[in-house]
Amino acid sequence: MNVFILNHYERLSPRVALEARSLKKMGNSITVINWQRNPDRNIAPDPELHSYQVKWITLKAAKGSANIVATFPKLYKEIWGLLKEEIPDIIHCTHFFLLPIAILVAKKKKCKVVYDAYERYAIDLADYYFPFLKTWIAKLIEALENLLVRRVDGVLTISSAGEVLERRYRKLCRNVEVIYNVPSLKSFARTSKKEELEKKYRGRYVLSYVGGLVKEKGLFLLIDVLDAIKLKYPEVQLLLIGEFDSLQERDEFFGHIKNRALEKHVEVLPWLPYDDMLDYLEISHIGLAPHQKQARFKLVGKGTGRKFFTFMQAGIPVISTNFGEIAKVVEEEKCGLLVDTTSVHELVEAVTFLLGNMDDAKKMGENGKAAILGKYNWEREEEKLFQVYGRLNEDSHSSKYITDYQLSVVSEIDDLETISIIIPCRNEEKYISKCLDSIIANNYPKDKLEILVVDGMSDDGTRDIVNGYTARYPFIKLLDNPRKVTPVAMNTGIMHANGALVIMINAHAVIDESFLINTVRCSQRTQADAVGGMLNTINEGNGLITQAIPMAADSIFGTGGRRYRSKTEGGFVSDTLPYSAYRREVFSNIGLIDEELIRDQDEEFNYRLIKNGGKIYYSPKIKSYLHLRPSLAKLWRQHFQYGYFKVSVAQKVGAVLTWRQLIPSIFVASLIITGALSLFANLFWWLFLLIASTYVVTNLVFSLSIAMKRGMKYFLALPMVYVILHVSYGIGFLKGILDFVLLKQHFKKSIEDVPLTR
């Protein structure tokens, strides 16, 4: 379909640029009509436009409120001339003053109009062009806008305080969506450029500001702030990225800089493409957004402050205003400080605090980045764009478009969610292909699938195997984990994941061919924060011990009756499930994986999730399989680590998570205590025999029950496997109590002692 974007400026705004990308991704032909309103001004070219057909209108914008309005007839004539021979299906209008011509063209061409209302035009225009009559002019513009919006087919609006814009537009048009002005996860800083900039700004404290260089956004106030900060931090640097509205304002600003002798502390960069800007922000220490108390900022909502989201994506703390809702996201996500931005004193105090408390500043930056990854990103917002386009009436040129859209896009984008699968691994050449093949074999749209293999610098053939897959499958990526431990691998994957659902899978595991579709359906149906399913084990080899290990591990006597091994009915649980699918926002709400927990980090994470009101749902339709360690020695080592690190988890959360965790350690401790005390009293000898004989009888009963079903030969091996499972876990738990609780050691093992995957 032919989508014509009527743009009111020489460049696409960040939001419109993302909308254009998404519309093109849907298979549309995109044509941008740009108004070059300042032919004499040197405007940096916009690389976004290279992807589309662009038609230019060169018409100098007259200065002054009355003159700018007088320019519109000429502008409309130019637009009509460009569209006269075209056959648009949809006109995507990016500004209020372009609506009249958009509606006229649509009526003539029998096409549709989508109004992209990403400003509060009535107030902004009245305040900017008619400051002396702004109250009456604002009412007039709003009345005119209402009249025009009744004639459009869809509205994309911004987040506003009290949802006033959304409610107003919904009275005028049935097809309305609020779209947050957030960045895309596909934007990122470049490592090489970042290293270059780190060298350039080494030893300096960089305070960054991005956007329009205008007074109402606190630009001139920053001069006073900088002047005060440099007394304590003489190496402070103010970095401004953007453009001045006028040469007069630019000269005035640099005049103030010169009068304060701050020239070496201020650097002004022109407008930069988004990824280039991120290069600079990621080496910055603080992001500044000192909006002033003007009506346009008081009335917008938290989803409109693009500066905040940009700083958050760069992982730096934000300092911004404490009025209205515009910076509410900063407060909610704990990613910065909100102050009275009209007060130089409060701004100085905030900057001084963050520069003096780098750990706090780093944590705020991490919180912000996690929030971008979890919920404030274009990959989530674009679905609203698709919904507006998908609801356009079918009685026009767009009817075929709607039919195709509903069949191909709604079913895949609105119905099936994007999935990111994270696979931590190290030296897994024996298993990694089986794991990847099982995921690829799932009947799930590959354009909605992302596989991130996070490798702990394997020195066997693992990396070569994975690189072979990445060459064949563009949705598979290999990431490095130099620290070589599982929780770091998990967090690395989470920080790079783009999916609405995030799943972490063991490299030893394979998933059922319907695992992904059943996971998504369960998540959508239950609206749970996490969903997981049944885990079965796989025999490795034909040896008696090898085959007996999964039999014992799957039984109630072996695992304590975990739902994911023994239950066939679904439901909400308070337990940890294998390879759960988490909604992306979970990580921004409760944080990332605890990297101090080498093992059992998933139990601590799920405890945190439930404690914060999260819901976990078990579905037996979600099936996966795990290759267990094929020898008793490896099984002992694995379950010793499970028990050992359970103590660390209990310390973290302040409680033992489930009763079954205590049984092996109580059993082993009772044998040790009664055995030792039997040297002094016969009573303890009889207690020792009672405990040991009870265990032996129970072990033999369960072993016999399995052997009668699976083959009597396994009766020779199962009792031994059960002993390894229980005793190794119990000894590990007791050793954990000794190290973590009694000796208060901070455990750090070598990678050889604690391999990345099990």
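The first residue of the sequence shown is numbered 1, and numbering continues consecutively from there.
By the 30° and 60° cut-offs, the orientation of the rings of F309 relative to Y376 is tilted. Ring-plane geometry between H291 and F308 is classed as tilted, the angle between the planes lying from 30 to 60 degrees on a 0 to 90 degree scale.
Partners of A228 according to the side chain to side chain contact (heavy atoms under 4.5 Å, CB included) rule, which considers only residues two or more places apart in sequence or in another chain, are V348. A search for salt bridge (charged side-chain N to carboxylate O under 4.0 Å, His left out) contacts involving K375 returns E333, not counting sequence neighbours. With sequence neighbours excluded, the residues forming a side chain to side chain contact (heavy atoms under 4.5 Å, CB included) with T304 are I158, S159, V300, listed by chain and number.
Not a single donor-acceptor pair under 3.5 Å links the side chain of E10 to the backbone N or O of N34. Of the possible donor and acceptor atoms, one in the side chain of K24 sits under 3.5 Å from a partner among the backbone N and O of S51. In this structure, D602 contributes its side chain and N606 its backbone to no donor-acceptor pair below 3.5 Å. N427 places a side-chain N or O within donor-acceptor distance of the main-chain N or O of D459, the cut-off being under 3.5 Å. Put simply, the side chain of S420 never gets that close to the backbone of E450: no donor and acceptor are under 3.5 Å apart. Using a distance-only test at 3.5 Å, with no hydrogens or angles considered, a donor-acceptor pair links the side chain of R15 to the main chain of I179. Formation of a donor-acceptor pair under 3.5 Å by the S208 side chain with backbone atoms of G287 is not found in this model. One N or O on the side chain of R584 and one on the backbone of A497 form a donor-acceptor pair closer than 3.5 Å. K484 places no side-chain N or O within donor-acceptor distance of the main-chain N or O of M457, the cut-off being under 3.5 Å. A donor-acceptor pair is defined here as one N or O able to donate and one able to accept, closer than 3.5 Å; such a pair exists between the side chain of E381 and the backbone of Y180.
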What do the steps show when you test V214 against E249 for side chain to side chain contact (heavy atoms under 4.5 Å, CB included), and what is the final call? CA-CA 8 Å; V214 293; E249 201 161 71; 3.8 Å; yes

So M358 and H285, side chain to side chain contact (heavy atoms under 4.5 Å, CB included) or not? Walk me through it. CA-CA 9 Å; M358 285 299 185; H285 294 84; 3.6 Å; yes

Worked verdict on L278 versus Q313 for side chain to side chain contact (heavy atoms under 4.5 Å, CB included): CA-CA 8 Å; L278 280 181; Q313 186 175 30; 3.9 Å; yes

Let me see the working for K258 and F254 under side chain to side chain contact (heavy atoms under 4.5 Å, CB included), right down to the final yes or no. CA-CA 6 Å; K258 186 175 181 180; F254 281 108; over 6 Å; no

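R202 and E198 are not joined by a salt bridge, as no carboxylate oxygen comes within less than 4.0 angstrom of a charged side-chain nitrogen. A salt bridge does not link D360 with K334: none of the charged nitrogens is closer than 4.0 Å to a carboxylate oxygen. Salt bridge annotation for E196-K193: present, with a cationic side-chain nitrogen under 4.0 angstrom from a carboxylate oxygen. Look at K200 and E267 and you find a salt bridge, because one of the NZ, NE, NH1 or NH2 atoms lies within 4.0 Å of a carboxylate O, short of that distance.
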